[in-house]
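These notes concern the structure reproduced below.
What you are looking at is a predicted structure, and each value in this text was computed from that prediction instead of being measured. All chains are named by letter (A, B, ...) in the order of the sequence lines, taking the proteins before the strands, and each is independently numbered beginning at 1.
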Amino acid sequence: MADWMKEDAALEDLFAAARRAGPEPSGAWLARVMEAAEAEQAACRGVDRARVQPAADGGGLWALVMGVFGGWGALGGMLTATVAGIWIGFAGADRLDLVTGRLLGSTENLGTVVLLPDADLFALSVVE
Amino acid sequence: MALDALTEVSDEALLILYGNGDRAAAQSLTLRLGPLAFRVAYRMLGDRAEAEDLAQEAMLRLWRIAPDWRSGEAKVSTWLYRVVTNLATDRLRRRRGVGLDEAPEVADDRASALERMMDEDRLAALQAALAQLPARQRQAVVLRHLEGLSNPEIAEAMEIGVEAVESLTARGKRALAALLSGRREELGFGHG
């Protein structure tokens with residue numbers, strides 16, 4: 001057998017022996033790692049709890065609900081969407097003009113909205 | 001969840017369970033991955049106390065990444081191999097104060113180093129020879145020949161190409177053979 005083959009086989013032998021007798025950590029070290037794992041878990045749970053718990057200065061359950069949904073603005077939006085959904089459900093899509101008509105008046109000219117009329121542009125140039 | 005029920009669960013599923021606060025998952029992951037982290041750290045550093053310290057740091061990083069772990073991106077063990085070997089490389093670099101990849105492939109005083117190891121057994125000789133390899137070669141040899149990873153897995157852990165892995169392991173093996181060649185009889189070389 002060629003020298004390099006012998007050498008390679010011997011090295012493979014040595015690797016195999018090393019794999020079988022791999023260094024093992026002590027029990028005390030494993031216990032420390034486990035302790036750290038549980039401490040990190042507890043710290044993580046603490047952060048999660050703080051995210052959803054109501055403030056200590058009061059508010060109770062209502063404040064918790066507000067926190068979860070994102071405050072008054074979000075609740076108002078949800079309420080509007082709910083009422084609109086109920087209305088569409090009862091009245092049908094063909095009666096939607098009743099709502100838009102009442103809220104916006106005539107909708108015939110809604111396609112052309114002048115955001116900055118010419119007169120205002122003239123006023124601005126005078127001021128400058 | 002009971003610890004014995006987790007033996008068939010993948011590392012990734014365990015990590016997600018851990019992130020959700022499952023205590024048994026913490027225990028199972030520690031027993032499964034702790035020895036791996038320690039073993040690789042020891043192979044890289046050659047010092048038990050330092051290996052324990054480094055492996056503990058790597059495990060702490062694992063616990064901290066658990067809540068943000070992105071499923072399917074990498075194997076947990078590959079991620080851990082990468083963290084341990086990178087931390088070890090940093091330490092070796094600080095220890096020696098030179099760019100390890102620029103270090104000579106085989107130290108000049110290898111003969112005297114091997115003389116000093118005359119009373120040690122085969123595995124200690126291997127460990128001492130490993131310690132003389134440049135960090136990247138040592139990393140590749142440890143992962144390939146002592147941890148049994150495939151070349152693509154090593155490429156992922158070391159963030160290099162498969163060809164570079166092949167080159168590193170081949171050069172590492174040649175250097176090891178050269179370092180150990182003076183102890184052929186003692187180490188079982190030349191009995192084929």
Which of the residues B:R43, B:R39, B:E52 is involved in the greatest number of heavy-atom pairs with chain A at under 4.5 angstrom?
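Heavy-atom pairs under 4.5 Å are most numerous for B:E52.
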Among B:M59, B:Q56, B:E147, which residue forms the greatest number of heavy-atom pairs with chain A at distances under 4.5 Å?
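Option with the top pair count is B:Q56.
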Classify the ring geometry of A:F15 against B:H145: parallel below 30°, tilted from 30° to 60°, perpendicular beyond 60°.
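Aromatic pair A:F15/B:H145 classed parallel.
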If hydrophobic clusters are built by linking Ile, Leu, Val, Met, Phe, Trp and Tyr wherever their side-chain heavy atoms come under 4.5 Å apart, do B:I160 and B:V162 end up in the same one?
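No, because B:I160 and B:V162 fall into different hydrophobic clusters, even though each may have its own neighbours under 4.5 Å.
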Kindly work out whether a path of hydrophobic side-chain contacts (I/L/V/M/F/W/Y, heavy atoms less than 4.5 Å apart) joins B:I16 to B:W79.
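Different hydrophobic clusters.
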Start with the C-alpha gap between B:R122 and A:D13, add the side-chain angles, then the distance that decides, and say whether salt bridge (Lys or Arg N to Asp or Glu O under 4.0 Å) holds.
CA-CA 10 Å; B:R122 284 159 40 111; A:D13 251 17; 5.2 Å; no
How close do [X] and [Y] get, heavy atom to heavy atom, and via which atoms?
{"X": "B:A26", "Y": "A:A37", "result": "CB-CB, 4.1 Å"}
{"X": "A:M34", "Y": "B:Q27", "result": "SD-CA, 3.2 Å"}
{"X": "A:A18", "Y": "B:L146", "result": "CB-CD2, 3.6 Å"}
{"X": "A:Q41", "Y": "B:Y18", "result": "NE2-O, 2.9 Å"}
{"X": "A:L30", "Y": "B:T30", "result": "O-CG2, 3.7 Å"}
{"X": "B:Y42", "Y": "A:P23", "result": "CD2-CG, 3.5 Å"}

Given that the side chain runs from C-beta out, which part of [X] has a heavy atom under 4.5 Å from chain A: side chain, backbone, both or neither?
{"X": "B:A41", "result": "neither"}
{"X": "B:L60", "result": "side chain"}
{"X": "B:P67", "result": "side chain"}

Give, for atom CG of B:L176 and atom CG of A:L14, the distance between the pair rounded to the nearest 0.5 Å.
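The distance works out to 8.5 Å.
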Taking it one step at a time, do B:R61 and A:E40 satisfy salt bridge (Lys or Arg N to Asp or Glu O under 4.0 Å)?
CA-CA 10 Å; B:R61 290 186 186 200; A:E40 282 298 317; over 6 Å; no
Return the option, out of A:A39, A:P25, A:S26, with the maximum number of heavy-atom pairs under 4.5 Å with chain B.
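Of the options given, most contacts go to A:P25.
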Is there a side chain to side chain contact (heavy atoms under 4.5 Å, CB included) between B:W63 and A:V33 once you walk through the steps?
CA-CA 10 Å; B:W63 308 137; A:V33 171; 3.9 Å; yes
